[in-house]
2 protein chains.
Amino acid sequence: MENQNISDIIEAYLKQILAESQEVEIRRSEIANQFNVVPSQINYVIKTRFTIQDGYVVRSKRGGGGYIRIEKVKLLDNLDFIDSLVTAVGDHITRHDGLAVVRSLFEAGTINRREANIMLAAIDKTALNTGDRDLDEQIRAQILISVLDHLRYES
Amino acid sequence: MENQNISDIIEAYLKQILAESQEVEIRRSEIANQFNVVPSQINYVIKTRFTIQDGYVVRSKRGGGGYIRIEKVKLLDNLDFIDSLVTAVGDHITRHDGLAVVRSLFEAGTINRREANIMLAAIDKTALNTGDRDLDEQIRAQILISVLDHLRYES
DNA sequence: GTTCTTTTGACTAATGTTGACTAATATTAT
DNA sequence: ATAATATTAGTCAACATTAGTCAAAAGAAC
């Protein structure tokens with residue numbers, strides 16, 4: 001709390017707006033100015049904190065009147081939602097993105113907190129630590145997909 | 001008392017804070033500086049004195065604004081049971097024996113059917129299939145222990 | 001003196017910040 | 001219309017800032 005980095009602050013600012021409206025549209029240079037960072041840092045914040053795994057869709061336009069629009073994704077039915085997560089997982093996934101997937105499931109109400117914690121425990125660095133990062137990411141993807149497939153039946 | 005080593009002193013310092021608040025967040029280099037030790041000694045103190053068996057959960061982040069956060073958690077009443085399962089899992093476990101572990105948890109009432117199914121999905125042959133049976137069994141063991149450790153406390 | 005614990009530091013990994021360069025789109029000039 | 005220019009956003013790689021790992025050395029306990 002005492003020493004938050006600026007990316008976290010920008011993330012919080014945007015999510016606060018998104019808590020009240022469905023989407024937020026910004027001018028990149030304005031936000032960069034407002035928080036006193038270079039414009040490309042806004043891209044960094046979006047790339048690391050507003051991914052599809054997190055449940056956000058980002059559209060943008062360049063040139064005069066350009067913008068970046070972040071939209072909180074509306075979940076379709078459960079099955080489509082799980083499909084989209086399976087696609088997002090793919091055949092490799094980092095811990096960071098894996099966490100986002102589990103969080104999405106939780107926020108969508110597909111799983112509860114206890115179930116989320118079990119999933120997280122199964123894919124965290126304690127569990128997957130072969131020494132080969134690529135292999136870890138592959139196994140993490142397989143575990144997630146296996147669990148996601150199971151969630152299809154129970155829902 | 002007089003013969004305390006520096007690790008004990010750092011441990012006491014952190015636990016004193018934890019006696020009053022639920023968690024403590026530090027910057028590793030700051031604490032290292034404060035006690036005049038190398039930063040990695042903080043990791044040593046945490047690894048030896050703030051384990052999940054002791055009732056602590058540790059989270060951290062690297063990079064700018066990085067931190068180490070130690071949280072005191074409420075341990076459940078199932079410690080001996082979990083310990084025995086962790087021992088049974090060891091560092092390798094077959095699918096068959098992994099299934100027995102999950103079944104034990106279910107029959108003891110530690111997890112419900114849905115949770116059991118999530119665990120099973122995470123350790124079945126869909127999820128773990130590297131082509132190297134020994135490696136699969138090793139990873140399966142790590143996943144199970146990671147989940148078992150999470151079942152030690154309320155979250 | 002052997003074994004276990006602690007201390008240390010070199011190396012690694014993750015995350016965040018910055019800026020130069022590129023790409024897309026809109027506006028203006030011809 | 002077309003070309004030139006202006007105005008946006010995107011990418012990428014270098015650099016900065018944290019924490020993690022591991023094993024050797026030192027010290028303590030027995």
Side-chain angles (χ1 to χ4, degrees), chain A residues 1-14 24-51 54 57-71 92-100 123-137 140, chain B residues 1-14 24-51 57-70 142:
Chain A
M1 229 22 170
E2 321 139 13
N3 209 346
Q4 252 187 127
N5 62 56
I6 189 69
S7 291
D8 285 343
I9 293 171
I10 296 169
E11 172 192 7
Y13 169 76
L14 294 173
V24 56
E25 180 175 313
I26 63 173
R27 170 144 319 186
R28 187 178 74 154
S29 57
E30 266 177 21
I31 300 295
N33 242 308
Q34 185 176 329
F35 290 96
N36 213 41
V37 297
V38 295
S40 62
Q41 179 138 15
I42 308 306
N43 297 88
Y44 175 74
V45 170
I46 287 173
K47 193 172 178 190
T48 54
R49 290 147 164 92
F50 292 89
T51 67
D54 292 311
V57 166
V58 179
R59 281 165 299 163
S60 64
K61 200 170 80 167
R62 308 186 193 186
Y67 58 80
I68 300 177
R69 197 174 319 166
I70 305 173
E71 193 184 343
H92 282 67
I93 191 167
T94 63
R95 274 196 295 128
H96 179 273
D97 286 347
L99 182 111
I123 62 168
D124 75 11
K125 67 162 184 272
T126 312
L128 299 181
N129 195 12
T130 62
D132 177 343
R133 178 187 323 205
D134 209 57
L135 178 58
D136 285 348
E137 293 187 0
R140 181 177 295 111
Chain B
M1 255 334 173
E2 350 181 330
N3 216 353
Q4 261 184 144
N5 60 49
I6 188 68
S7 289
D8 287 341
I9 293 171
I10 296 170
E11 172 191 7
Y13 169 76
L14 294 172
V24 56
E25 181 175 313
I26 64 173
R27 170 144 318 187
R28 186 177 75 154
S29 58
E30 267 177 19
I31 300 296
N33 244 307
Q34 186 176 328
F35 289 96
N36 214 41
V37 297
V38 296
S40 63
Q41 179 137 13
I42 308 305
N43 296 88
Y44 174 74
V45 170
I46 287 173
K47 194 172 179 189
T48 54
R49 290 148 163 92
F50 292 88
T51 69
V57 169
V58 179
R59 283 165 299 166
S60 64
K61 198 166 87 164
R62 307 185 195 186
Y67 58 78
I68 300 177
R69 199 171 337 190
I70 305 173
Q142 285 168 192

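Chain identifiers are assigned alphabetically (A, B, ...) following the order of the sequence lines, protein sequences preceding nucleic acid strands; residue numbering begins at 1 within each chain. Just so we're clear, the structure is a prediction, and the values are computed from it rather than from any experiment.
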*Interatomic distance where CZ belongs to Arg27(A) and P belongs to dA9(D) [whole Å]*: 6 Å

_Under 4.0 Å, counting only non-hydrogen atoms across every strand here, what does Arg49(A) touch: a base, just sugar-phosphate, or nothing?_
sugar-phosphate

*Kindly say whether Thr51(A) contributes a backbone atom to a donor-acceptor pair with the side chain of Asp54(A) at under 3.5 angstrom?*
yes

*Just by modelled atom types, is the Asp97(A) backbone N or O under 3.5 Å from a matching donor or acceptor in the Thr94(A) side chain?*
yes

*Over how many whole Å does the gap from Asn5(B) atom CG to dA26(D) atom P extend?*
18 Å

*Just checking Ile42(B): base, sugar-phosphate only, or nothing, at a heavy-atom cut-off of under 4.0 Å?*
nothing

*Ile46(A) CD1 - dG16(C) C1' separation (whole Å)*: 16 Å

*Please report, rounded to the nearest Å, how far the P atom of dA24(C) is from the CZ atom of Arg62(A).*
6 Å

*For Asn33(B) and dT8(C), what is the distance between atoms CG and C1' respectively, to the nearest whole Å?*
15 Å

*Between Lys61(B) and Gln41(B), name the one whose nearest nucleotide on DNA chain C is closer to the 5' end.*
Gln41(B)

*Would you say the base of dG19(C) and the side-chain of Ser40(A) have a donor-acceptor pair closer than 3.5 Å?*
yes

_Length of the line joining Asp8(A):CG and dT18(D):P, which is rounded to integer Å_ = 13 Å

*To the nearest Å, give me how far apart CG (Asn43(A)) and P (dT17(C)) are.*
14 Å

*To the nearest Å, how far apart are Arg59(B) CZ and dA19(D) P?*
15 Å

*Among the candidates dT18(C), dA9(D), dT15(C), find the nucleotide nearest to the side-chain atoms of Ile68(A).*
dA9(D)

*asked:* Does a side-chain N or O of Ser60(B) approach OP1 or OP2 of dG20(D) to a distance below 4.0 Å, or not?
replied: yes

*Taking atom types as they are modelled, is there a donor-acceptor pair under 3.5 Å from the base of dG10(D) to the side chain of Arg28(A)?*
yes

*asked:* Closest approach to the side chain of Arg133(A), judged atom by atom: which nucleotide of dA9(D), dA19(D), dA14(C) is it?
replied: dA14(C)

*For Tyr44(A), answer base if it contacts any base atom (sugar-phosphate contacts may also be present), sugar-phosphate if it contacts only those atoms, and nothing otherwise; contact means non-hydrogen atoms under 4.0 Å.*
base

_Using only atom types and a distance under 3.5 Å, with no angle test, would you say the side chain of Arg140(A) pairs donor to acceptor with the backbone of Ile93(A)?_
yes

*Atom pair CZ/CZ of Arg62(A) and Arg28(A) - distance to nearest 0.5 Å*: 9.0 Å

*Has the side chain of Asp124(A) got a donor or acceptor atom that lies under 3.5 Å from a matching backbone atom of Ala127(A)?*
yes

